[in-house]
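To start, the structure itself, in structure tokens.
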Amino acid sequence: MKQKSVCFDTETDGLNALHANIVGVSFSFKKREAFYVAIPNNREDATSILNEFKPFFESESIEKVAHNLKFDTKIINQYGIEVSAPTFDTMIAHYLINPDSKHGMDVLAERFLSYKPVSIVELIGKKGKNQKKMSDLTPEEISDYACEDADITFQLKEIFEPQIQKEHLKELFYNMEMPLVDVLKSMEQEGITIDDEGLKKYSIDLGETLAELEQKIKREAGIDFNIDSPKQLGDVLFDHLELSTKAKKTKTGQYATGEDILQKLKHKHVIIPMILEYRQLRKLKNTYVDPLPDLMDETDGRIHTSYMQTVAATGRLSSNKPNLQNIPIRSEKGKEIRKSFISRGKDFQLMAADYSQIELRIIAALSQDKNMIDAFKNGHDIHSATAAKVFNVNLEDVTREERSSAKAVNFGIIYGQSAFGLAQNLGISRKEAKQIIDSYFEQYPTIKDYMDGMVKSAREKGYVETIMKRRRYLKDINSANAVVRGFAERNAVNAPIQGSAADVIKLAMIGVHGAMKEQNLKSKMLLQVHDELVFDVHKDEIETLKTLVKNEMESAVELVVPLDVEIEVADNWLDAH
DNA sequence: CCCCTCACG
DNA sequence: ACGTACGTGAGGGGC
């Protein structure tokens, strides 16, 4: 028997799904047919009308289909209604079918249905202060547009569902990506608390230092210019101060002034360290310290990121508005920012759970390299173990430099790095770099075989896949252009590793979320940062949650190497590491 | 709207 | 001879 399946799409007066008001809902369950239900602009009446549809949204037998389901679910949730499984998101379906392309409804309608939908711009006008809101329009004006979206969703589903079956993406779609929608939705709704007062004080502090640095830099340069302009800065350094005769240029012809270039000029002129510090502080202030307090939700005072499930071609998540996956941790000045991410109150703390070396464990498992598997099974520090092998010394005798070189190679391997790249990274000669790489592959011979095998298989099949059969097509793998082909070859090696790690943590998140719900915990999962999960943990639940999270994360998949998760609890995100 | 730079894994 | 490590998001400059 074919399952009942209904597409829906919500129209709202804004894009903030936690607060936007619903204006109407369209439904479609038959090709070229749809219905629009206008919802009154008043919370109480809206709730009572939407309640008529509660049995539909919360049905455990009817499949709810939407394009970007997480958004619509958040809107519906505002009115006290759940959107229960089974669900089908056409945007995610297309992401699995072809992760490298775009997944917007308009693009997909043109490509798969040869149909150009009425654009939102035609309806409400271009962005700007004259742009109308959905709530400024009559139901008659919205109806066709809304119905069209529900109908397109229906028609896209008819195309994508069989493709999901055919491409062996069923398991990935129904048991991983669709359940994950609900997990991410919950994390976004929770949000994380920040110490905005602390950040505002820090901003003043940084502002003063920056003003002083600006004066000093301009005095050293002898002219007034905009330090924030790479173009002007390049001219000052290389034409005016003549700090280098062979200055590198970018592909657009201006002088390159990136961090690595400036580091090499550090001792040529006192202005360079000043610029490096200025750049760092400017970045921290403008990207994190100043914007974060402004992004606090007015009703709960927390920061609510959005996780994008269909952006990263490897299967990773991405985070935006704001991006909470690139909060500083490496520099001392940056650590202050991470410190300002705190628990929701005095009864709670933050708990961070990190996979240790997950990508290297995955490469060990996928390649079946005995030496690397043994290193992990014996619980050795993988970079030291690698150093011992590559430099042929005892594990106890590995020096800091040797370990750090080995670490660079271990990472380079994941990315398909060349001798040139390693040499640049370590500041050694290309010859030395080549020797290290050769020795590496002698010690881990199966890893070399594995990498060559991935490229070969990509050439034959046109795609590579992860442990959960997530695919990435590599159209350039047979390109005649060596540079272009090189990119595809590195992707052939990297995508299964990065993507399998993404598979593992996604499965873990579903397991953790389910177990936490089942045990009715007060603690909440808040953030995911590729190999890390962050929780607001109630003080009574610390031990319970630690055990639960460690178990779920370490047993998310069964590999020939053990997975290891490190967990710490503290008052802020920095100290939880 | 693209480019450069830089924050993270 | 050529380019050269994967995946992201965001801010500012400059056209």
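These numbers come from a predicted model, not from an experiment. A note on names: the letters A, B, ... follow the listed sequences, proteins ahead of strands, and every chain is numbered from 1.
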With a cut-off of less than 4.0 Å, is there a side-chain N or O of [X] near OP1 or OP2 of [N]?
| X | N | result |
| --- | --- | --- |
| A/Arg490 | C/dA5 | no |
| A/Arg282 | C/dG11 | no |
| A/Thr287 | C/dG11 | no |

Ignoring the backbone of [X], work out which of [options] is nearest its side chain.
| X | options | value |
| --- | --- | --- |
| A/Phe411 | C/dA5, C/dT4, C/dC6 | C/dA5 |
| A/Arg330 | B/dC8, C/dA5, C/dT8 | B/dC8 |
| A/Asn323 | C/dA5, C/dA10, C/dG13 | C/dA10 |
| A/Lys251 | B/dC4, C/dG3, C/dT8 | B/dC4 |
| A/Ala313 | B/dC8, C/dT8, C/dG12 | C/dT8 |
| A/Lys283 | C/dG9, C/dG3, C/dA5 | C/dG9 |
| A/Pro291 | C/dG14, C/dA5, C/dG11 | C/dG11 |
| A/Asp228 | C/dG7, B/dT5, C/dG12 | C/dG12 |
| A/Ser318 | C/dC6, C/dG11, C/dT8 | C/dT8 |

* Can you tell me how far the CD1 atom of A/Ile275 sits from the CG atom of A/Leu233, to the nearest 0.5 Å? -> 4.5 Å
* Please round to the nearest 0.5 Å and tell me the distance separating atom CD of A/Glu212 and atom CE of A/Met274. => 11.5 Å
* To do: Compute both the distance and the angle, then confirm whether A/Arg430 meets the cation-pi test with A/Phe420: under 6.0 Å from the six-membered ring centre, within 45 degrees of the axis.
  => no
When the [atom1] atoms of [M] and [N] are compared, how many Å lie between them, rounded to an integer?
| N | M | atom1 | answer |
| --- | --- | --- | --- |
| B/dC6 | C/dA1 | P | 32 Å |
| C/dA5 | B/dC2 | P | 25 Å |
| B/dT5 | C/dT4 | P | 14 Å |

* Asked: According to the Watson-Crick and G-U wobble definitions, with both distances under 3.5 Å, which nucleotide is paired to C/dC2?
  -> none
* To do: Tell which nucleotide pairs with C/dG13, taking only Watson-Crick or G-U wobble pairs whose two distances are both under 3.5 angstrom.
  => B/dC2
* Closest approach of A/Ser367 to A/Ile447 (non-hydrogen atoms, all atoms of both residues) -> OG-CG1, 3.7 Å
Sugar-phosphate only, base, or nothing, as touched by [X] at under 4.0 Å among non-hydrogen atoms:
| X | answer |
| --- | --- |
| A/Glu532 | nothing |
| A/Ala495 | nothing |
| A/Arg485 | nothing |
| A/Phe487 | sugar-phosphate |
| A/Ser418 | base |
| A/Val493 | nothing |
| A/Gly412 | base |
| A/Ile329 | sugar-phosphate |

* Asked: Under the criterion side chain to side chain donor-acceptor pair (under 3.5 Å), which of A/Thr314, A/Asn494, A/Asp100, A/Asn98 is the partner of A/Arg472?
  -> A/Asp100
* To do: Could you check how far CD of A/Gln263 sits from P of B/dC6, rounded to whole Å?
  => 10 Å
* Asked: C/dA5 P sits how many Å from A/Gln498 CD, rounded?
  -> 16 Å
* Is a donor-acceptor contact shorter than 3.5 angstrom present between the side chain of A/Arg316 and the base of B/dG9? -> yes
* Asked: Between A/Tyr440 and A/Asn410, is any side-chain donor less than 3.5 angstrom from a side-chain acceptor?
  -> yes
